[in-house]
Amino acid sequence: MKPITLPGSGIAKGMAVTARNLIGSYFNPKRLVTVQYPEEQSPLPENSRTVPFLVFDGDDPEAGLRCVACLTCEKECPPQAISIVGARNEKGKPAKHPESFEIDITACMGCQICVEVCPFDAIMMDNDYHHASFERFESPILTKKQLAKPNSYYHRIKPTEAAEVDARLAAERERKEAARQKRAAANDPSAQP
Amino acid sequence: MIRPLDHKPAFGPTADTPGPAEELLEISMGPQHPSTHGVFRMNVVLDGETVVRLKPVFGYLHRNHEKIGENVSYLASIPYTDRLDYFSSLSNNWAYVLTVEKLAGIEVPERAQYIRVILAELTRLQNHTAFLGFLLGDMGAWGSVLMYAFRQRDEVLDLFESLTGSRMMCNYMRFGGCRCEFPAGWLAQARRVVDEFPAFLDEMEALLVGNEILIARTQGVGVVSGADAINAGLTGPILRASGVDYDIRKVDRYGIYDRFPFRVPLGAEGDTYDRLMIRFLEMRESLKIVDTALLDLPDGPILDPKAKIRNLRPPVGEAYGRVEAPKGELGFYVISDKTGQPYRYRVRPPSLINLTLLEEMCIGHKIADAMVILGSIDIVLGEVDR
């Protein structure tokens, strides 16, 4: 490496670097990177993820919930943190609605596989990290009521992603509507052949 | 509190270790220690301050990673691989995904290959930066080099967070490509990080390279000869610091590494000083690779749309895939039996195998050198214990 000339010159050069950092921290914001949490908090990038949440459209968290309890996320979750009980209707058939949906955030790794495999865009990753509590058993199990958040919240934390999802769902709805109308026209006995 | 031994040490002096038993001191540099890079324990037998015997004890972070791998699907193992060498999660992802792609015969599109190279080299950059900080902390630099190093490393972690969602547990590679596309502005941010990195390396070199204290503490300490290193199965920077030219990126040319011209730095003495300096040189070479990759990045898909992510059932067979992780050769050996879970899932952890020569390296040196030698091997207990 570099040859040493004066004894102690290596240490002196090192001290010049630390002095430059110390003095520089008063003038150059890049040298002083401490964030005075909790008064200031670093803004998170859009993709940031901690634990999942359920999306509902509209105002009613029960009626607008996109989840149909298909149990795909429960099957794919690596640490098996998701527990779903699907609702049954009066005849005992599965209603497309979860009766209970719980995520154990002590088990959840935040790996986002549940979001990837959900066929209905019903579960998304939240970026809220304020999950600390005073006891260990009740609070870490997030229930359906705690998990359900409106689509407007999703737009607020992840605008780009939410816009894409909305566009995809709208296109899907239009496609289904067009197919339905075509079927209705084909079955309509009063239509001209 | 030092007291003389009043019993025969557990693995104590044999015919070839000098000194009567009453003069030797056995201490446990126990799992709770600020400098053992995780929960790692060394039972050291000392003659005064000189190390006479050393036995590493690990397993405090054993989390049944390989057994879990046998019971979850192939996709679900990917987030668990993040947690092996938790500093270089993207390299771990790539090693595992490479193995399963070999097993199932899945092709990877061009753009995804470039993205994988960019992220793997950025991982190497932030890993070596963290290594610098920790080694200097072990030597008693009380965190100033650590803080400078982490200040720069944070820039790279911010890049990872805006792309993958998480700073360290990235979970980004998939069988046949990468999980998602770059967000807007990521490439410009990456370009900025890569352009500012050499200034940081220059500053660190000015701080460290000529420093007399560093030289006195690291030169001639923990020497490993090239022949010993090969016999013990060492890989990675520790092997190259002993003068052996073996870099898996050049040997296997996995991914598209053959398209990037980069040099492989080699050490001359094989001591701690070489192991420290070789990482500076490796970081500069990594910067060259990321530079080229960012310029040449082609358009195209990052994942085959027909790629099977869920319910992947590779054909019956076995595959061993390895990458040049920042710590050494990280290999995955997967045996498939046509069900959705592997029959056997084995990780070749570079940190564990690099610890093979820890005793030989430390014997004859002082106890403080043992700490520096351990630091220079660059272990992560998540990988050693899995």
Side-chain angles (χ1 to χ4, degrees), chain A residues 1-22 24-25 30-35 42-50 72-73 75-81 108-119 124-127 129 158-161 164, chain B residues 68-69 71-73 75-80 82-83 141 144-145 147-148 150-152 154-155 158-167 169-172 174 179-180 182-186 189 196 202-215 273-274 277 280-281 309-311 340:
Chain A
M1 296 278 156
K2 300 187 179 103
I4 315 289
T5 48
L6 283 175
S9 66
I11 298 181
K13 214 155 90 159
M15 286 192 166
V17 171
T18 45
R20 209 170 35 239
N21 269 288
L22 173 62
S25 70
K30 280 170 70 76
R31 292 242 181 244
L32 186 65
V33 289
T34 308
V35 172
S42 299
L44 293 172
E46 182 180 322
N47 275 340
S48 206
R49 52 180 156 94
T50 53
T72 306
C73 58
K75 279 200 279 270
E76 294 294 328
C77 176
Q80 295 168 350
C108 173
M109 306 199 258
C111 69
Q112 208 218 33
I113 285 182
C114 55
V115 174
E116 261 176 81
V117 300
C118 176
M124 295 296 169
M125 288 313 279
D126 204 348
N127 60 7
Y129 46 86
K158 305 197 171 191
T160 325
E161 219 177 279
E164 269 171 32
Chain B
I68 290 175
N71 290 317
V72 295
S73 64
L75 171 68
S77 277
I78 301 181
Y80 285 112
D82 283 339
R83 288 149 172 87
S144 66
V145 180
M147 290 300 139
Y148 298 164
F150 270 60
R151 187 175 58 198
Q152 200 62 33
D154 228 62
E155 311 265 331
D158 282 345
L159 274 179
F160 289 165
E161 191 176 14
S162 47
L163 174 61
T164 71
S166 170
R167 289 151 56 91
M169 304 295 137
C170 295
N171 185 20
Y172 182 70
R174 291 286 179 267
R179 170 161 54 89
C180 59
F182 296 131
W186 194 91
Q189 193 185 355
E196 289 173 3
D202 292 336
E203 194 179 40
M204 286 294 113
E205 282 185 3
L207 186 56
L208 297 175
V209 168
N211 194 312
E212 284 83 2
I213 304 176
L214 187 84
I215 291 177
Y273 188 74
D274 277 354
M277 292 304 149
F280 274 116
L281 298 171
I309 303 293
R310 290 187 64 206
N311 292 328

Under the salt bridge (Lys or Arg N to Asp or Glu O under 4.0 Å) test, residues paired with Arg20(A) that sit two or more places apart: none
Residue, of Leu75(B), Asn311(B), Ile213(B), that accumulates the most heavy atom pairs under 4.5 Å with chain A: Leu75(B)
Which of Ile78(B), Leu214(B), Leu208(B), Leu163(B) touches chain A most, by non-hydrogen pairs under 4.5 Å: Leu163(B)
Region of Glu161(A) in contact with chain B, defined by heavy-atom distances below 4.5 Å: neither
Part of Ser48(A) lying under 4.5 Å from any heavy atom of chain B: both
Cationic N near anionic O, under 4.0 Å, Glu116(A) to Arg174(B): yes
Quick check on [X] against chain A: is it the side chain, the backbone, both or neither that has a heavy atom closer than 4.5 Å?
{"X": "Ser73(B)", "value": "side chain"}
{"X": "Cys170(B)", "value": "backbone"}
{"X": "Gln189(B)", "value": "neither"}
{"X": "Arg179(B)", "value": "side chain"}

Residue Gln80(A) excluded, over 12 heavy atoms near CD under 6.0 Å: no
Chi angles and distances behind the side-chain contact (heavy atoms from CB on, under 4.5 Å) call for Met169(B), Arg83(B): CA-CA 7 Å; Met169(B) 304 295 137; Arg83(B) 288 149 172 87; 3.5 Å; yes
Residues which pass side chain to side chain contact (heavy atoms under 4.5 Å, CB included) with Asn21(A), listed by chain and number, not counting sequence neighbours: Val17(A), Arg31(A), Tyr148(B), Arg151(B), Glu203(B)
Thr160(A) versus Glu46(A), side-chain donor and acceptor atoms under 3.5 Å: yes
